[in-house]
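The first residue in the sequence is number 1, and the count goes up from there.
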Amino acid sequence: MKFCSHCGSDAVTFSIPEGDDRPRHLCGGCGAIHYINPRVIVGVLPYLGDEVLLCKRAIEPRLGLWTLPAGFMENGETSEEGALRESWEEARANIRVDDLYTVYDIPHINQVYLIYRGELTDTNFGAGPESLEVELFREEEIPWDEIAFPIMSETLGHYFADRREGRYPLHRGVITRKL
């Protein structure tokens with residue numbers, strides 16, 4: 001950070017503020033402490049009967065690979081509202097949210113994922129501007145080797161196992177960088 005986003009000063013240093021335990025950007029002009037926190041990604045695992053809806057990505061990262069509809073949460077919305085917005089933007093899907101289904105921390109890229117489980121209310125879905133195509137898949141049809149992100153593979157794996165058990169508990173985890 002070269003300039004303070006509060007006052008525009010170039011007197012920004014990177015050090016540990018008094019009473020804190022980690023370095024932050026500090027403005028010597030106005031005294032602001034700039035906190036850079038993880039990004040929250042929200043999404044939905046949309047299902048209809050024994051199928052789930054996946055989107056083929058039309059954007060980087062992972063262009064051309066499959067994912068659940070998800071994206072960055074916006075200011076001024078709840079996580080559920082954000083998940084529904086992302087489902088509409090990416091899949092033009094109308095969904096009735098059941099519950100929060102997976103919570104994953106991905107500390108090496110500073111992200112937290114909140115994925116809801118939700119039933120499609122109709123079959124009037126289609127590719128939004130960030131998707132090349134949108135398709136319903138049964139478990140045996142999932143293109144597992146073409147899933148864009150580990151969090152999505154984990155969530156889909158939980159879903160199909162839980163579906164066989166007839167119960168859908170909240171799943172939590174951490175996805176670490178593979179070395």
Side-chain angles (χ1 to χ4, degrees), residues 38-74 77-179:
R39 299 292 310 258
V40 178
I41 291 83
V42 292
V44 175
L45 185 153
Y47 68 89
L48 184 63
D50 63 348
E51 298 176 304
V52 297
L53 188 72
L54 296 178
C55 304
K56 186 177 259 190
R57 293 180 58 80
I59 59 172
E60 291 291 356
R62 311 280 202 246
L63 173 72
L65 298 180
W66 293 93
T67 188
L68 296 169
F72 292 111
M73 186 173 163
E74 298 287 349
E77 67 185 4
T78 67
S79 58
E80 185 175 322
E81 289 168 344
L84 290 171
R85 176 187 48 75
E86 287 291 339
S87 296
W88 177 255
E89 289 177 1
E90 295 184 11
R92 298 298 189 239
N94 297 304
I95 297 171
R96 180 190 50 78
V97 169
D98 293 329
D99 51 24
L100 182 60
Y101 189 54
T102 59
V103 177
Y104 275 90
D105 297 314
I106 309 178
H108 66 277
I109 56 173
N110 304 313
Q111 293 180 348
V112 176
Y113 276 74
L114 304 173
I115 305 295
Y116 288 84
R117 191 172 58 86
E119 185 173 17
L120 288 164
T121 61
D122 57 53
T123 56
N124 298 322
F125 54 81
E130 295 181 1
S131 299
L132 295 171
E133 59 184 288
V134 180
E135 189 175 331
L136 285 168
F137 291 91
R138 288 187 177 81
E139 181 177 11
E140 63 275 7
E141 300 168 333
I142 299 282
W144 292 103
D145 58 341
E146 296 176 36
I147 300 297
F149 307 106
I151 172 63
M152 301 309 177
S153 295
E154 292 280 331
T155 299
L156 288 164
H158 287 307
Y159 175 75
F160 288 114
D162 291 345
R163 190 172 187 282
R164 286 189 289 279
E165 296 291 321
R167 60 182 194 82
Y168 301 92
L170 176 66
H171 296 277
R172 299 179 334 182
V174 176
I175 293 181
T176 57
R177 181 185 324 215
K178 293 181 179 167
L179 301 175

- Query: Do Ser79 and Tyr116 get their side chains close enough for a donor-acceptor pair, meaning under 3.5 Å?
  - Reply: yes
- Hey, could you give me each pair passing side-chain hydrogen bond (donor to acceptor under 3.5 Å, both in side chains) that has a residue in residues 136-149? Not counting sequence neighbours. Asp50-Arg138, Glu139-Arg164
- Heavy-atom closest contact (Ala91 atom, Cys55 atom, distance): CB-SG, 3.8 Å
- Item | Inter-residue atom distance Leu45.CG - Glu119.CD, 0.5 Å rounding | 12.0 Å
- Measure the CZ-CD distance between Arg57 and Glu90 for me, rounded to the nearest 0.5 Å. 7.0 Å
- For residues Ala70 and Ile41, report the shortest heavy-atom separation together with the two atoms involved. CB-CG2, 4.1 Å
- Quick one: are Leu68 and Leu54 in side-chain contact, heavy atoms under 4.5 Å? yes
- Message: For a 4.5 angstrom cut-off between non-hydrogen side-chain atoms, does Arg117 reach Asp162?
- Response: no
- Could you tell me whether the side chain of Phe125 reaches within less than 4.5 Å of the side chain of Ser87, counting heavy atoms only? no
- Message: What's the separation between atom OH in Tyr104 and atom CD1 in Ile115, rounded to the nearest 0.5 Å?
- Response: 10.5 Å
- Message: How long is the straight-line distance from CG of Asp105 back to OG1 of Thr176, given to the nearest 0.5 Å?
- Response: 11.5 Å
- Taking atom OG1 of Thr67 and atom CD of Glu130, what is their separation to the nearest 0.5 Å? 11.0 Å
- Of all heavy-atom pairs between Val42 and Gly82, which one has the smallest distance, and what is that distance? CG2-C, 3.4 Å
- Is Tyr101 reaching over with its side chain to a backbone N or O of His158, donor-acceptor style, under 3.5 angstrom? yes
- Message: Testing the basics here: between Leu84 and Val44, what is the closest heavy-atom pair and its distance to 0.1 Å?
- Response: N-CG2, 4.4 Å
- Message: Testing Thr121, Thr123, Asn124, Asp122 one by one against Asn94 for a side-chain hydrogen bond (donor to acceptor under 3.5 Å, both in side chains), which residue passes?
- Response: Asp122
- Message: Using every non-hydrogen atom in the two residues, find where Pro150 and Ile175 come nearest and quote the distance to one decimal.
- Response: C-CD1, 3.8 Å
- Query: Just wondering, are more than 12 heavy atoms of other shown residues or ligands nearer than 6.0 Å to CZ in Arg167?
  - Reply: no
- Message: Ile142 vs Trp66, test: side-chain contact (heavy atoms from CB on, under 4.5 Å). Steps then yes/no.
- Response: CA-CA 9 Å; Ile142 299 282; Trp66 293 93; over 6 Å; no
- Scanning both residues in full, the closest heavy-atom pair of Leu120 with Leu53 reads CD2-CD2, 4.1 Å
- Query: For Arg62, does the CZ atom sit with more than 12 other heavy atoms under 6.0 Å from it, leaving out its own atoms?
  - Reply: no
- Side-chain touch Thr102/Tyr159, heavy atoms, less than 4.5 angstrom: no
- Gap separating the CG atom of Leu170 from the CG atom of Asp99, nearest 0.5 angstrom: 8.0 Å
